[in-house]
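Worksheet: the structure to be examined is printed underneath.
Ligands are counted one by one from 1 in listed order, and the atoms in each one are counted from 1 as well.
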Amino acid sequence: MGSIVCDIVRDAPDLELAGVVGKDSAGLLSDGSVEADVVVDFSHKAMLADVEAFVAQTRAALVSGTTGYDDGDMARLQALSHKAAVIHSANYSIGVAALRHLASHAARLLEGFDIEIVETHHNKKADAPSGTAKMLLAAVDPEARADVVHGREGMTGARKPTEIGIHAVRGGTVAGTHTVHFFGQEEEVSLTHRASSRRIFAEGAVEAARRIAGRPAGMYTFDDLLFADKEGIR
Ligand SMILES: NC(=O)C1=CN([C@@H]2O[C@H](COP(=O)(O)OP(=O)(O)OC[C@H]3O[C@@H](n4cnc5c(N)ncnc54)[C@H](OP(=O)(O)O)[C@@H]3O)[C@@H](O)[C@H]2O)C=CC1
Ligand SMILES: O=C(O)C1=N[C@H](C(=O)O)C[C@H](O)C1
């Protein structure tokens, strides 16, 4: 993802690539050799401390796309947002931004339907389930009432109506497919987003960088930046 973001920034006349940091060059973040208005982070939770320190020190805005964060990591981003403008989204495609709203709406309309979320990704993906699957879970179960089930090995007895299943499939070069199934009595509604390339995520993150640059400290959402002109969405 980092390389694709760099390619997009290099080709954009309105943007300048201030520096590139990987696992072996994280020190660049603390030695003052990078000056930036915005940091775009697609890395690993192991990099969070370095990113956090850089943003806290420089007050650069942060566009974070890294997944696999736990509640403690998210709380650290929240705290960081008191010092700088921060956005974290598990998915920077406009299609998934829309899917989140559609799934939330469907869950409210299809009360009593069994919900299962299936995500499919390439064989190099390091975390499971995907951050997007977790985001879709929050959209269909905002009060976190469901019993979340990851796979059903060893299960005895029928599926409980209170369950939501989340299933991760890995293979090949799949850029990212997410389906939210709603199963009713003799009918099914399923909502699918299929990414044909990873570039869509990078394009979305760069657009988020453009829109968050120069904003006051605070926690922003992709909806805030993307759908600000769409009434009733946020
Ligand atoms: N929000 C979104 O829209 C999207 C989010 N993602 C998320 O972005 C993150 C990166 O994905 P992707 O680019 O495919 O991953 P890669 O494995 O290709 O790249 C990971 C990057 O993180 C760096 N890194 C730093 N510390 C570690 C560590 N301890 N272990 C592994 N890597 C480390 C690597 O550095 P080095 O180069 O030095 O090895 C590398 O630059 C993932 O969390 C993924 O889920 C992915 C796509 C879209
Ligand atoms: O690792 C990936 O590739 C992706 N990760 C994100 C996630 O975990 O949801 C977004 C996208 O699906 C691609």
Side-chain angles (χ1 to χ4, degrees), residues 1-9 17 19-30 34 38-54 61-70 73-74 76-77 86-100 103 117-140 150 166-180 191-212 219-226:
M1 285 302 299
S3 318
I4 308 173
V5 168
C6 289
D7 288 347
I8 293 169
V9 172
L17 189 62
V20 182
V21 176
K23 164 165 80 214
D24 300 329
S25 52
L28 286 180
L29 286 175
S30 52
V34 180
V38 185
V39 179
V40 178
D41 174 42
F42 286 94
S43 59
H44 189 273
K45 73 183 255 133
M47 286 288 284
L48 178 58
D50 293 279
V51 172
E52 196 178 29
F54 180 79
L62 172 63
V63 174
S64 169
T66 301
T67 59
Y69 285 158
D70 58 25
D73 298 326
M74 292 308 295
R76 285 165 67 175
L77 286 185
V86 174
I87 174 174
H88 177 270
S89 175
N91 197 305
Y92 281 100
S93 75
I94 185 165
V96 164
L99 173 64
R100 198 170 69 78
I117 299 172
V118 182
E119 56 99 337
T120 308
H121 284 88
H122 53 92
N123 58 20
K124 304 279 186 295
K125 182 155 178 64
D127 57 315
S130 68
T132 307
K134 293 183 199 168
M135 187 167 88
L136 293 170
L137 171 66
V140 296
H150 298 275
I166 301 198
H167 310 281
V169 180
R170 295 286 175 268
T173 56
V174 179
T177 302
H178 291 88
T179 299
V180 186
L191 300 171
T192 296
H193 176 267
R194 193 167 282 114
S196 307
S197 100
R198 319 190 77 210
R199 192 172 168 98
I200 58 164
F201 310 124
E203 294 274 10
V206 171
E207 191 52 34
R210 276 192 187 92
R211 295 183 188 205
I212 204 170
M219 190 56 119
Y220 296 82
T221 67
F222 200 33
D223 277 0
D224 292 334
L225 302 183
L226 204 60

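Every atom of ligand 1 with a heavy atom of Asp127 under 4.0 Å away is listed here by number and element: 45 (O). Close approach of ligand 1 to Asn91 (heavy-atom distance below 4.0 Å) involves ligand atoms 1 (N), 2 (C), 3 (O). Those atoms of ligand 1 with a heavy atom of Lys125 less than 4.0 angstrom away are 45 (O). Close contacts between ligand 1 and Ala46 involve ligand atoms 29 (N) [criterion: under 4.0 Å to a heavy atom]. Within ligand 2, the atoms closer than 4.0 Å to a non-hydrogen atom of Gly131 are 7 (C), 8 (O), 9 (O), numbered from 1 in the order shown. Residue contact check: Ser130 has heavy atoms under 4.0 Å from atoms 7 (C), 8 (O), 9 (O) of ligand 2.
If you check which protein heavy atom lies closest to atom 11 (O) of ligand 1, you get Met1 CG, 4.2 Å. Here the protein heavy atom with the shortest distance to atom 26 (N) of ligand 1 is Met47 CG, 3.4 Å. From the protein, the heavy atom lying nearest to atom 12 (O) of ligand 2 is His121 NE2, 2.6 Å. At the top of the distance list for atom 10 (C) of ligand 2, counting protein heavy atoms only, stands Ala90 O, 3.2 Å. The closest protein non-hydrogen atom to atom 5 (N) of ligand 2 is Lys125 NZ, 3.1 Å. Among all non-hydrogen protein atoms, the one lying nearest atom 7 (C) of ligand 1 is Gly65 O, 3.4 Å. In terms of protein heavy atoms, atom 38 (O) of ligand 1 is closest to Lys23 N, 2.7 Å.
Neither the backbone nor the side chain of Ala133 has any atom closer than 4.0 Å to an atom of ligand 2 (non-hydrogen atoms only). At a heavy-atom distance under 4.0 Å, no atom of Glu119 approaches ligand 2. The residue Met135 has no part lying near ligand 2, judged by heavy-atom distances below 4.0 Å. The backbone and the side chain of Thr132 each have at least one atom closer than 4.0 Å to an atom of ligand 2 (non-hydrogen atoms only).
Using a 30° and 60° split on the angle between ring planes, Tyr69 and His88 fall in the tilted class, from 30° to 60°.
A pairwise comparison of heavy atoms in Gly131 and Asp127 identifies N-OD2, 4.2 Å as the closest pair. Of all heavy-atom pairs between Ile166 and Ala133, the closest is CG2-CB, 4.2 Å. Counting all heavy atoms, side chain and backbone alike, Ala205 lies closest to Val63 at O-CG1, 3.9 Å. For the pair Arg100 and Ala139, the tightest heavy-atom approach, listed with the atom from each and the gap, is O-CB, 3.7 Å. Counting all heavy atoms, side chain and backbone alike, Phe222 lies closest to Ala97 at CD2-CB, 4.1 Å.
Distance check for atom 45 (O) of ligand 1: a protein heavy atom is found below 4.0 Å. Note that atom 19 (O) of ligand 1 has no protein non-hydrogen atoms nearby, at separations under 4.0 angstrom. Inside a 4.0 Å radius of atom 3 (O) of ligand 1 there is at least one protein heavy atom. Within the 4.0 angstrom cut-off, atom 15 (O) of ligand 1 has no protein heavy-atom neighbours. The presence of a protein heavy atom under 4.0 Å from atom 41 (O) of ligand 1 is ruled out.
Heavy-atom separations between Ser89 and ligand 1 include at least one value shorter than 4.0 Å. Contact annotation: Ala175 has at least one heavy atom less than 4.0 Å from an atom of ligand 2. Assignment of Met1 to the shell around ligand 2 is not supported, since no heavy atom sits closer than 4.0 Å. Between His122 and ligand 2 there is a heavy-atom distance shorter than 4.0 Å.
Environment of CD1 in Ile4: crowded, with over 12 heavy atoms of neighbouring residues, nucleotides or ligands closer than 6.0 Å. Counting non-hydrogen atoms of other residues, nucleotides and ligands closer than 6.0 Å to CZ of Arg194 gives a total of 12 or fewer.
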Is there a side-chain contact (heavy atoms from CB on, under 4.5 Å) between Met47 and Val21 once you walk through the steps? CA-CA 10 Å; Met47 286 288 284; Val21 176; 4.1 Å; yes

Verdict with supporting geometry, Thr221 and Asp223, side chain to side chain donor-acceptor pair (under 3.5 Å): CA-CA 5 Å; Thr221 67; Asp223 277 0; 5.2 Å; no

Chi angles and distances behind the salt bridge (Lys or Arg N to Asp or Glu O under 4.0 Å) call for Asp224, Arg211: CA-CA 10 Å; Asp224 292 334; Arg211 295 183 188 205; over 6 Å; no

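Evaluated by nearest non-hydrogen atom to atom 43 (O) of ligand 1, the leading choice among Leu48, Thr67, Val96 is Thr67. Summarising the contacts of atom 8 (O) of ligand 1 with Phe222, Phe42, Tyr92, the nearest heavy atom is found in Phe42. The nearest non-hydrogen atom to atom 30 (N) of ligand 1, considering only Arg198, His44, Glu203, comes from His44. Nearest to atom 23 (C) of ligand 1 by heavy atom, out of Ser43, Ala126, Gly131, is Ser43.
His121 and Ser130 share no side-chain donor-acceptor pair at under 3.5 Å.
By the 4.5 Å heavy-atom criterion applied to side chains, Leu77 and Asp73 are not counted as neighbours. In this structure, the side chains of Val51 and Arg76 stay at 4.5 Å or more apart for every pair of heavy atoms.
No N or O atom of His178 sits closer than 3.5 Å to an N or O atom of ligand 2. Ligand 2 has no N or O atom lying under 3.5 Å from any N or O atom of Phe201, backbone or side chain.
A donor-acceptor pair is defined here as one N or O able to donate and one able to accept, closer than 3.5 Å; such a pair exists between the side chain of Thr66 and the backbone of Ser43.
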